[in-house]
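In this text the structure is predicted, and so the values were computed from the model without any measurement.
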Amino acid sequence: MQRRMSFWRGAGVLAAVVVLAAIAPGSAQTQGMERRKERRDDRAAARAAKQACKAGDEKSRAECRQVKREAKQAGRNDGGSKVNAAPAPHLAE
């Protein structure tokens, strides 16, 4: 009797682990986490742009900084997540 109970208990624990693993999402859970991921991607792209600029040797350090800045600004302004953006004003005519 004791073995049968431990077998079913083990089977129940295994089933619970499988169900919980299936429920866990593979992507961001909230809008804030998604925005954070977008910012990280933007920074990574800006770093890559600066490294490519420095490797080219045709631009100065200041020009490479500007390339990185422009890449970061593009990431901020390209529309990204519009969830928390202010709605467009409606003009009454």
Side-chain angles (χ1 to χ4, degrees):
M1 187 70 168
Q2 189 70 358
R3 279 189 194 183
R4 188 180 302 178
M5 290 298 283
S6 71
F7 170 76
W8 287 112
R9 183 176 294 153
V13 168
L14 180 61
V17 168
V18 169
V19 168
L20 291 175
I23 292 174
S27 62
Q29 297 174 351
T30 64
Q31 294 171 356
M33 293 171 82
E34 185 63 33
R35 287 191 303 269
R36 182 178 184 189
K37 181 183 178 307
E38 288 173 6
R39 286 192 309 270
R40 284 181 173 179
D41 292 343
D42 292 341
R43 286 193 302 264
R47 281 192 296 273
K50 184 175 179 183
Q51 289 297 324
C53 177
K54 286 170 52 176
D57 288 335
E58 67 267 0
K59 294 185 179 180
S60 68
R61 257 183 100 206
E63 290 169 330
C64 289
R65 279 196 310 268
Q66 187 64 28
V67 167
K68 180 179 178 180
R69 182 182 178 281
E70 288 169 356
K72 288 177 81 174
Q73 286 294 86
R76 291 181 191 124
N77 298 329
D78 71 350
S81 176
K82 300 252 187 243
V83 174
N84 290 331
H90 296 287
L91 302 174
E93 293 181 21

J.: Exactly one of K50, K54, R43 should register a side chain to side chain contact (heavy atoms under 4.5 Å, CB included) with K68. Which one does?
T.: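 The residue from K50, K54, R43 that satisfies side chain to side chain contact (heavy atoms under 4.5 Å, CB included) with K68 turns out to be K50.
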J.: Heavy-atom count around R36 CZ within 6.0 Å, excluding the residue itself: above 12?
T.: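 Count not over threshold, so no.
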J.: Could you give the distance from OG1 (T30) to CZ (R35), rounded to the nearest 0.5 Å?
T.: 7.5 Å
J.: Can you list the residues that meet the side-chain contact (heavy atoms from CB on, under 4.5 Å) rule with C53, with sequence neighbours excluded?
T.: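 Testing C53 for side-chain contact (heavy atoms from CB on, under 4.5 Å), a comparison that skips the adjacent residues, returns K59, C64, V67.
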J.: Nearest 0.5 Å, please: how far is CZ in R76 from CD in E38?
T.: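 Result: 13.5 Å between the selected atoms.
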J.: Taking all heavy atoms of A71 and all of A46, pick out the closest pair and write down the distance.
T.: CB-CA, 3.8 Å
